[in-house]
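Report on the following structure.
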Amino acid sequence: MTADRPKDFIREIIDADLAAGRHQKIVTRFPPEPNGYLHIGHAKSICLNFGIARDYGGVCHLRFDDTNPTTEDAEYAEAIMRDVRWLGFDWGDKLFYASDYYERLYQLAEELIEKGLAYVCDLNEDEISAYRGSITEAGRPSPHRERTVAENLQLFRSMRAGEYPDGSRVLRAKIDMASANMKLRDPLLYRIKHAHHYRSGDRWCLYPLYDFAHPLSDAIEGITHSICTLEFENNRDIYDWLVDHLTLPARPRQYEFARLNLTYTLMSKRKLLQLVEEERVSGWDDPRMPTIAGLRRRGVTPEALRAFATRVGVAKNNSTVELALFEHTLREDLNERSPRVLCVLDPLEVVIENYPEGQSEELDAALWPHDVPKEGSRKLPFGRRLFIDQSDFSENPPKDFFRLAPGREVRLRHAYVIRCDRVVKDPAGNVTQLICSYDPSTRGGDAGGRKIKGTLHWVSAEHAVDVEVRLYDRLFSVEIPGAGGGDPLADLNPGSLVVRTGCKAEPSLRSAVAGDRFQFEREGFFFVDPLASRPGAPVFNRTVSLKDSWAKAAAKAEPKAEPRAAKAKAPEKPSAREALSPEAQALVERHGLSPEDARVLGEPGPLRALFDAALAFHGNARGLAAWIVNELPPEARAGKPLPFSARELAELSSLIDDGTLSGALGKKVLAEMLQGGGSPKAIVERLGLKQIGDPAALAPVVDRILAENAAIVARYKAGNKNVLGALTGMVLKETRGQANPKLVSQLLLDRLG
RNA sequence: UGGGGGAUCGUCUAAUGGCAGGACACAAGGCUCUGGUCCUUGGUAUCUAGGUUCGAAUCCUUGUCCCCCAACCA
């Protein structure tokens, strides 16, 4: 359904891996820790991982990353499985637990020790932290770093045997205490915890840390693409180090994408837990929670959630998606599947004066609007006493109010046109009753020729069912809770739940059962709460309101609500660009290089060496410099040897200078040289690449392209000068890149006037 | 301050040297027995400054801003 969406960067990588034959089958994994409930951010990850498996005919494992006995629980694991299944994904028999790998992981740790790549460290937590150094200072080696293999092995085994108390010793990888990447400063692999684990019981008093368990679990399972969120980018170095140094059945790769953030929502597991524990919400499945369980109970469908996940896309930008996009996706889905019914949330009594006392009738009412291709209807009783919504009446109607007001007419949906004749008030001046009259000729709502602007939902007082309705709104009242640096929970929306009892529903709703979905016309989409509802007494949760352009227009009359704070344009400090080094300055003066090129070539290194060497064969320093700086791949700068010599590069430059090659052709030749090496002249010869500089030869091609692309030409003439580039590109392509681009451009310009 | 990432309409996301596109949001209009849906139309973006190129969001240089990293959490 959204198959036309372009591929995300992860799928591009997979395509390339498959094309290169690196994998036959794609294996991904979703690795939750069972220490909390899944939220909509996890849903994005689930859709990505399981979606990739589905798209590529691979598999996605569900693996519990349960390496911390003190926070994890079987109940969470159960809830997670329930949620993933509900979302519509199936892991088949690929259900795994890191805790099932404890023995194997332990053996791997011993392997590391035996290779001299891990050691037991007796420093305490504070000391380890102090030894680690800081972002700017290198760490210092632990005093235990140079223990012998035998000693480490003995100590590690004793740790396993339970001979030491919690926190007394850890196992650390021996990597580099001076690494610029803090994660590599001898990361901890195992810690002692005499704690009961929900699965392994009391068998272990030693538990691996994420950085150790995760990559190795991936490798054990043969995961090909291990997809996680951005904050793990630094951890990738440990990941690679471990899988490269251990004897493992597979070599998985980690890729990172941006986690989902949503406005007016919080995604932090810790904060969500706090909401639950402090009873700011009714539980993990409170319909205001962004948890999958909460969304499900609110009435969100798995289809809508999945559609949303594909709509937000997968990229590496830190981003915050507007809640409006989610609501739109939700309405789109609900619109198709929700039968329309009438329910008055805030009742106001209406008496139809000219309708006979004690009489009633049944009206036929379609359950679906004209735009939903579904059949079905129900009976709607009509009588002398009715309810409409308070907000549908105004004694002093504002401009453009086309609901009920004294003396005005409206249509009651599926019923009659009525007119408001009088208003009854209580002593305090509140409107308590509307005395109206109906037009019997408009039965079924057909007003004949008359133009009736407003149509109201209503319900017969005599037949109405009293129901409870829970109106849910966004959990937070600001876009980014805690943005100002304060406690995010201070930004909770006090109006996020309004419980309305005594709502008046049409009688057919008496038989609504848990899990049913409806649209209450002109109000919103509602879901019968599975927990609170009783037979004959449904409780309705508002999943999402209908779009309300009247409310919006009315709000606009009010002083403007604060618009979303525009991203403050960078203040742009006019800091001085760094001065050229003396060496670079010398290049500018001696060879007339541009400062940009000189800056690069002013540094000693492979590029500079290449430049100097090539200069001996060809005198055009500027041209040489531009090619070396701008066109050579980044690896060349890092010192990767090039498959061609300085002499050959000089030869290329002279071919361009003498007009044999255009710049574009030069790039083609360079690409060829990068591929297989060889002399540019030979490549030109072999590929038959020669610049076409004869206008007579090019003119027919230009004319043909122009003739074939009348639409583009028209756009050009209409003022879009950018399409000239597209036309140039076509001519170039047509001549295998051999046309002289300047000439083509000129020819094009001549003809386009 | 070291390292790792990232900067494209208000928001999210495409364009892999050749017409800056789509969705949401917003605005205007149409349709309508839901002020819903649907339809039409519109404005709005390549962080800065240079360079390379016939042509740059894309390649090079420079500066700016944002995020992540110094848990025995994941």
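Convention: sequence-line order gives letters A, B, ...; per-chain numbering from 1.
- Note on A:Gln746: nothing from the nucleic acid sits closer than 4.0 angstrom, heavy atoms only.
- Residue A:Asp597 is classed as having no contact, given no heavy-atom separation below 4.0 Å to the nucleic acid.
- Using a 4.0 Å heavy-atom criterion, one finds that A:Arg413 contacts the bases of the nucleic acid, with or without backbone contacts as well.
- Here B:A7 sits opposite B:U64 as a Watson-Crick or G-U wobble pair (both hydrogen-bonding atom distances under 3.5 Å).
- Out of B:U11, B:A71, B:U34, the shortest distance to the side chain of A:Glu125 is found at B:A71.
- Residue contacts for A:Asn317: at a heavy-atom cut-off of 4.0 Å it reaches the sugar-phosphate backbone alone, with no base atom in range.
- At a threshold of 4.0 angstrom between heavy atoms, the contacts of A:His414 include nucleobase atoms, whether or not backbone atoms are also involved.
- Across all strands, A:Gln519 comes closer than 4.0 Å to base atoms (heavy-atom distances).
- Counting non-hydrogen atoms under 4.0 angstrom, A:Ser134 reaches a base of the nucleic acid.
- Anti is the conformation of B:A14, whose glycosidic angle sits further than 90° from 0.
- Under 4.0 angstrom from either OP1 or OP2 of B:G36 there lies at least one side-chain N or O belonging to A:Ser549.
- Nucleic acid contact for A:Arg169: none, since no nucleic acid atom lies under 4.0 Å from a heavy atom of the residue.
- Across all strands shown, A:Tyr207 has no heavy atoms under 4.0 Å from either base or sugar-phosphate atoms.
- Among the protein residues, A:Lys733 comes within range of no part of the nucleic acid, since none of its heavy atoms lies under 4.0 Å from any strand.
- Among all heavy-atom pairs drawn from A:Phe520 and A:Leu546, the shortest one is O-CD2, 4.4 Å.
- In this model, a donor atom of one side chain and an acceptor atom of the other lie less than 3.5 Å apart for A:Asp389 and A:Ser391.
- If you check B:C69, B:U34, B:A27 against the side chain of A:Ile135, the one that comes closest is B:C69.
- At the heavy-atom level, A:Val629 lies under 4.0 Å from the strands shown only through sugar-phosphate atoms.
- A distance of 6.0 Å or more separates the ring centres of A:Tyr190 and A:Tyr207.
- Comparing B:G10, B:U34, B:G3 against the side chain of A:Glu521 picks out B:U34 as the nearest.
- Geometrically, A:Lys721 engages A:Tyr716 in a cation-pi contact, judged by NZ or CZ lying under 6.0 Å from the ring centre and within 45° of the ring axis.
- Looking at heavy-atom distances under 4.0 Å, A:Asp65 makes contact with sugar-phosphate atoms alone, never a base.
- Using a 4.0 Å heavy-atom cutoff across all strands shown, A:Asp548 reaches sugar-phosphate atoms only and no base atom.
- No hydrogens or angles considered: a donor-acceptor pair under 3.5 Å links the side chains of A:Asn68 and A:Thr70.
- At the phosphate of B:C67, neither OP1 nor OP2 sits under 4.0 Å from any side-chain N or O atom of A:Arg259.
- Within the nucleic acid shown, A:Phe401 comes within 4.0 Å of at least one base atom, counting heavy atoms only.
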